[in-house]
Amino acid sequence: MEKLVITGGTALHGTIPISGAKNAALPLMCTCLLTDEPVTLNNLPRLADIATLSDLLNHLGASVTIAAGSRGTQRGRKLTFHAAEIHDTVAPYDMVRKMRASILVLGGLVAREGVATVSLPGGCAIGNRPIDLHLKALEALGAKIELEHGYVRASAPDGLKGGTVRFPFVSVGATENILMAATLAKGTTTIENAAREPEIADLAKCLNSMGAKITGAGHETITVEGVEKLHGTVHDVMPDRIEAGSYAIAALMTRGNILLEGANAHDMQASLDALQEAGGIVEVEENGVRVRSNGHVGGLNIVTQPFPGFPTDMQAQFMALASVAEGASVITEAIFENRFMHVPELGRMGADITVNGSSATVRGTAKLVGAEVMATDLRASMSLVLAGLVAEGETTVNRLYHLDRGYERLEEKLRQVGAVVERVPS
Ligand code: UD1
């Protein structure tokens, strides 16, 4: 196992290229299950989660090939996923347990093959995270759902039928699953209270380029007119708004100036608003978004919400920022019930944070001190890296595999803007 050793105290200056978005890439990869033609994705980040899903798609019958020349490049890879035939309709426990997003194969498989059996993803570090909304939505399209031996079996031997799906609350994954399933259903599907995240719009754009008839993606109501068949496509994965937001915080915390090359300001507006509230200066440039410090970090008030609200995936990183602010902040987590695991670890570095239910009060402190820390999820790990960048002395972040799930070439990108960071074996 590897760990990251960070020596804090350097202001970060320069340009960081933003990778393709992990959370867009995962559902996009699953679109290959809906067609017997190849789906090629440009700008796929090199991340552990992408490799995990590639293995699962391969197990189900898709060939996965890396385009010549894209293997060793600094930019994301170009991969082609081709499921000419589905060999297996079972997504086994051993593969699904590694990554909850594996549930995204369910909609495509049942739409194309009339049956799919997927292991239940199980518990997760950031809360209970059930999949009931995914299953109820598929039922609304006529699938029969059975749960047995830790697996969910969805079947629709005569094909899925268009219907109305009304989500009681917003779920990104359930919206994506049903969107994919509805493309091949007979008739029209209406999805109400759909997630509006930019990753949903990117998925719909890709599906439409495959011949799907989707309108309204990015809004509360999405309409899908089912088609008989989808064909192959070539699609560019959108930039990662969470990666960009994380490096934006690094610029502000270290009193630096970073151009987030390729970032899309519109997709990350809530994070940029919060940065400005804390005193950051944000400038939209032709080839990205520049974030710099005015020399001060102020306190902020944040409540996580579905898009276009403040993203839960940025909560931990903003808590690291708040812990060095000149003032107090209140951060409320309203999406997941157990997403404050970074609090005790930040506390070990000198942060002053009190949690009361789903809210954390953070009293800014003049300095954090380096420590040996570890986190139990991806974004929490990034909050510790950010704290390490400004802490006095050395910070060691253990369990690096969490970061490798979601931040492409993390230490390389940080070094590029002047950080003192090293990956070493444990
Ligand atoms: C996706 C993102 C994740 C992000 C989250 C919220 C991917 C691969 N992951 O996760 O990074 O943190 O959106 O923006 O894109 N829920 C249910 N029943 C369900 C489904 C969800 O109760 O069937 C609950 C969840 O426990 C959670 C809330 O709904 O409390 C939102 O979860 P959801 O939007 O589904 O998150 P994911 O799609 O898993």
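Whatever order the structure lists ligands and atoms in, that order sets their numbers, starting from 1.
For ligand 1, the polar-atom distance check finds an N/O of I335 within less than 3.5 Å of one of the ligand's N/O atoms. Backbone and side-chain nitrogen or oxygen atoms of E337 are examined, and none is located within less than 3.5 angstrom of a nitrogen or oxygen of ligand 1. Below 3.5 Å of separation, one finds an N or O of N23 facing an N or O of ligand 1. In terms of polar-atom proximity, defined here as any N/O pair under 3.5 Å, T312 makes no such contact with ligand 1. Polar contact check, V172 against ligand 1: a nitrogen or oxygen pair lies under 3.5 Å apart. Considering backbone and side-chain N/O of L133, one or more are found under 3.5 Å from N/O of ligand 1. Any N or O atom pair closer than 3.5 Å counts here, and K22 shares no such pair with ligand 1.
Pairing each heavy atom of D55 with each of M95, the nearest pair is O-CE, 3.6 Å. In plain terms, the two heavy atoms of C32 and V39 that are nearest each other are CA-CG2, 3.9 Å.
Of all the heavy atoms of R100, the ones lying under 4.0 Å from any atom of ligand 1 belong exclusively to the side chain.
Assignment of R339 to the shell around ligand 1 is supported, since a heavy atom sits closer than 4.0 Å. The shortest separation from a heavy atom of P130 to ligand 1 is under 4.0 Å, placing the residue in contact. Judged by the shortest distance from any of its heavy atoms, F169 lies inside the 4.0 Å radius around the atoms of ligand 1.
Residue-ligand proximity, H134 to ligand 1, at heavy-atom distances under 4.0 Å covers atoms 23 (O). Atom numbering of ligand 1 starts at 1 in the shown order; those under 4.0 Å from a heavy atom of G173 are 35 (O), 38 (O). Under a 4.0 Å criterion applied to the non-hydrogen atoms of D132, ligand 1 contributes the atoms 17 (C), 18 (N), 19 (C), 22 (O), 23 (O).
In the model, T332 has no side-chain atom that pairs as donor or acceptor with a side-chain atom of S358 under 3.5 Å.
In this structure, of I242, V170, D313, D377, the residue bringing a heavy atom nearest to atom 12 (O) of ligand 1 is D313.
Salt bridge annotation for E139-K136: absent, with no cationic side-chain nitrogen under 4.0 angstrom from a carboxylate oxygen. Using a 4.0 Å cut-off between charged nitrogen and carboxylate oxygen, D313 and K22 do not count as a salt-bridge pair. Residues E333 and R339 are not paired through a salt bridge, judged by the lack of any N-O separation under 4.0 Å between the basic side chain and the carboxylate. For R405 and D377, the salt-bridge test fails: no basic side-chain N is under 4.0 Å from an acidic carboxylate O.
Checking D202, N43, T31 one by one against H235, the side chain to side chain donor-acceptor pair (under 3.5 Å) holds for a single residue, D202. Exactly one of D236, T233, T80 qualifies for a side chain to side chain donor-acceptor pair (under 3.5 Å) with T40. That residue is T80.
For the pair E283/R292, a side-chain contact is recorded, criterion being any heavy-atom separation below 4.5 Å from C-beta on.
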